[in-house]
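Here the structure comes first, spelled out in structure tokens, and everything after it is commentary.
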Number of protein chains: 2
Amino acid sequence: MAQPKKAASIWDVARLAGVSHQTVSRVVNGSPRVAAATRDKVLEAIAELGYRPNRLARSLAGGAVESVTVLTADTSLYGPEAALRGIEKAARSLEWSVSISVLDPADTHSDADIIARLPRAGEPTIIMAHDEPGMRAKQVLLDTQPHAMVAIGPYTADELAASPWLVGMDDGKAAAEATRYLLELGHETVHHLAIPTSTGTFGGGKAHRADGWARVLREAGREVPEPVPSGWTITEAFKAVRPLVSDPAVTAILCGNDHLALATLRAAHLAGRSVPGDLSIVGFDNTPFSAFTTPALTTVNQDFESVGRGAFELLRHRVDSSTPRPRPSWPEPELIVRETSGPPRP
Amino acid sequence: MAQPKKAASIWDVARLAGVSHQTVSRVVNGSPRVAAATRDKVLEAIAELGYRPNRLARSLAGGAVESVTVLTADTSLYGPEAALRGIEKAARSLEWSVSISVLDPADTHSDADIIARLPRAGEPTIIMAHDEPGMRAKQVLLDTQPHAMVAIGPYTADELAASPWLVGMDDGKAAAEATRYLLELGHETVHHLAIPTSTGTFGGGKAHRADGWARVLREAGREVPEPVPSGWTITEAFKAVRPLVSDPAVTAILCGNDHLALATLRAAHLAGRSVPGDLSIVGFDNTPFSAFTTPALTTVNQDFESVGRGAFELLRHRVDSSTPRPRPSWPEPELIVRETSGPPRP
DNA sequence: GCGAAATGCGTGAGCGCTAACATCGCTCGG
DNA sequence: CCGAGCGATGTTAGCGCTCACGCATTTCGC
């Protein structure tokens, strides 16, 4: 039984059930035009042989597409990881399969290189376009197969509405909210430890975290300090933020994500600055660990999993327009105040 | 240009190059028996049409398999996530595609349900068998297609050598080392906050973390306290560990992973116990954040990414025995002493 | 009660590719 | 100078499936 016995095909089932292969196909695909008695016979044969349709053959033959490829640059980041989970869940429930291909942030991928990652031309694809490699992949697919791609990234409601292949949340708005909160607490200004941007420059998109932060400061007539750029890793963040935390004039830092915030917390501790007494820290994403640091991180909750699901549904609609066009339906980002934020010392 | 134009097939290339489709196939697959001039003509035609072979058709036609499916129950756990990254990297370098299917720990999957996740019979599969759903999936595939599967999990060197489809590290040995370290520090005994086991019972495998811990305590003639079972999430860990940290008799806790350790750290803080003064805490996995908690976590480093790569290579060997059988070649787990461990107060 | 539509099923072609064999022309030993 | 031998190519037959038909039977409107 454990030997590599060849799997049953549609023909085997047809023979056993005494019908044509096409009838088996009809039963498998739930066509209504099959007599109940025939259907039962076929079903029985299927069960007996343990027949399972071969997905590859199915899509080769021009049947419905049943796979998505996810392009992302970093699976260890909480956002993409959670979005991937959302995509996988949604896909699973429809029996689609999910492939994943990781873009290396170190190489500059050529267009051909990106296209070569897709198992075939026209493969439905979701791109995590929150960073440079992602943005590049987005552009390539937009040029080659715009009808079979969806990109996830930080965009304003207007941008989202304008581009039917875009899914995401308005990080800028959320960052603005967080910044406003810190200002209301009485901080003179708020500094920013920034994640790498997708465009390579700050303020590249209105929905970027750094942009929302800067906007609020400007509107409030405050000084807008130079944002401190950090890489994605905690180690990079730690190095980048050290000068900032040791400056006593800095009383509040908005961090691009919770990992950066953790590094900031650590750096503040080592610099002998108490949090939130001397320094308020606000993170981003509400990563699971953020509630359990000491002190617990004030952060911005983001429902990436729902965004991932939304991306999948949108993609499905784009690939097969007979499915409903989903409306964005995830919660807005929301500030969660915990222990790392408070009023500045007078 | 942006319209859904059909992609070029092998026939289109053949026509343009003035050869048969088989010759194109030979060129694409690097067969040596093609005249240089012909090869160049074909290559030129390929470039002109932007032809890319269709993976689906290729494997349908019985060509080499070029895809792996990874079955895992939790992509947010550091171990599986890192192993997946290793698999993806190794696969990418050979142009294999990687699919992922997440097992829901909540349902009991039927055998058929697990098999239905594979895109076709005989699909090469890697299973993350560190928990109950993973173990079950492992068993199902072992029964149905043992030649095209590899499982990753905690196993001793002997177990690994005995099962040619197994890859992993000896967590028990690493846990033993960590426990010994705590004992040498002078702790009377060491408590254990345990991750869920793959078998549902403690001590189910010699290479389990809880097993290594218990073994050392027994060997040292110490009392072996009842291990405290926790779920995988930080929140569950926090609830589970509270009674433990508030017991002043407890001076050292070995945690099943760094997330549990973080929860323990938090619980200790809230219970007013200083770390490592009143309580030593040791984690597991050397999750990136672990160096940046305050105090920084003492933990056990594990190179999951290498294990993932090893799993992929082993799978490739099993599917196609003409490829070399890889030898396990990853670093042993290693204790990293940071700030959460120290001698007990006298 | 007769034509038209609906139903139930089968046939043939083809998706893009590879494996296996067939064919052609050339070189080379004797 | 002829056939064995080989290298370079073409031909054929699928892989497992779906589409687009085709052809009987039934069902139904009026």
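Below, chain A is the first sequence line, B the second, and so on; all start at residue 1.
Sorted by first and then second residue, the ring-ring contact (aromatic ring centres under 6.0 Å, His included) pairs involving residues 58-108 of chain A (not counting sequence neighbours) are A/Trp96-A/Phe312. Residue pairs meeting the salt bridge (Lys or Arg N to Asp or Glu O under 4.0 Å) criterion with at least one partner in residues 30-44 of chain B, sequence neighbours excluded, do not occur; the list is empty. Residue pairs meeting the ring-ring contact (aromatic ring centres under 6.0 Å, His included) criterion with at least one member in residues 9-63 of chain B, sequence neighbours excluded: B/Trp11-B/His21. Evaluation of the ring-ring contact (aromatic ring centres under 6.0 Å, His included) test over residues 116-145 of chain A, restricted to residues two or more places apart or in two chains, returns A/His130-A/Trp232.
Note: A/Thr125 OG1 to A/Leu118 CG = 4.5 Å, rounded to the nearest 0.5 Å. Between the CG atom in B/Leu84 and the CG atom in B/Leu77 there is a gap of 12.5 Å [rounded to 0.5 Å]. Of the inter-residue distances, the one linking B/Asp303 atom CG with B/Arg309 atom CZ reads 7.5 Å to the nearest 0.5 angstrom.
At a threshold of 4.0 angstrom between heavy atoms, the contacts of B/Ser20 include nucleobase atoms, whether or not backbone atoms are also involved.
In 5' to 3' order, the nucleotides of DNA chain D bounding all contacts with chain B (an atom under 4.0 Å from a heavy atom) are D/dG7 to D/dG16.
Considering every non-hydrogen atom in both A/Val42 and A/Ala17, the closest pair reads CA-CB, 4.0 Å.
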* Which letters describe nucleotides 14-19 of chain C, given B = protein heavy atom under 4.0 Å from base, S = only from sugar-phosphate, - = neither? -> BBBBBB
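Qualifying salt bridge (charged side-chain N to carboxylate O under 4.0 Å, His left out) partners for A/Glu305, counting only residues two or more places apart in sequence or in other chains: A/Arg85, A/Lys89. Partners of A/Asp111 by salt bridge (charged side-chain N to carboxylate O under 4.0 Å, His left out), not counting sequence neighbours, listed by chain and number: A/Arg136. Taking B/Glu123 as the reference, B/Arg120 meet the salt bridge (charged side-chain N to carboxylate O under 4.0 Å, His left out) condition, with sequence neighbours excluded. Looking at residues two or more places apart in sequence or on another chain, you find no side-chain hydrogen bond (donor to acceptor under 3.5 Å, both in side chains) involving B/Thr72.
Annotation: proximity of residues 35-46 of chain B to DNA chain D (heavy atom, distance under 4.0 Å) is found for B/Ala35, B/Thr38, numbered in ascending order.
Overall, the helix from C/dG1-D/dC30 to C/dG30-D/dC1 carries an axis bend of 30° between its ends, with five pairs at each end and the value rounded to 10°.
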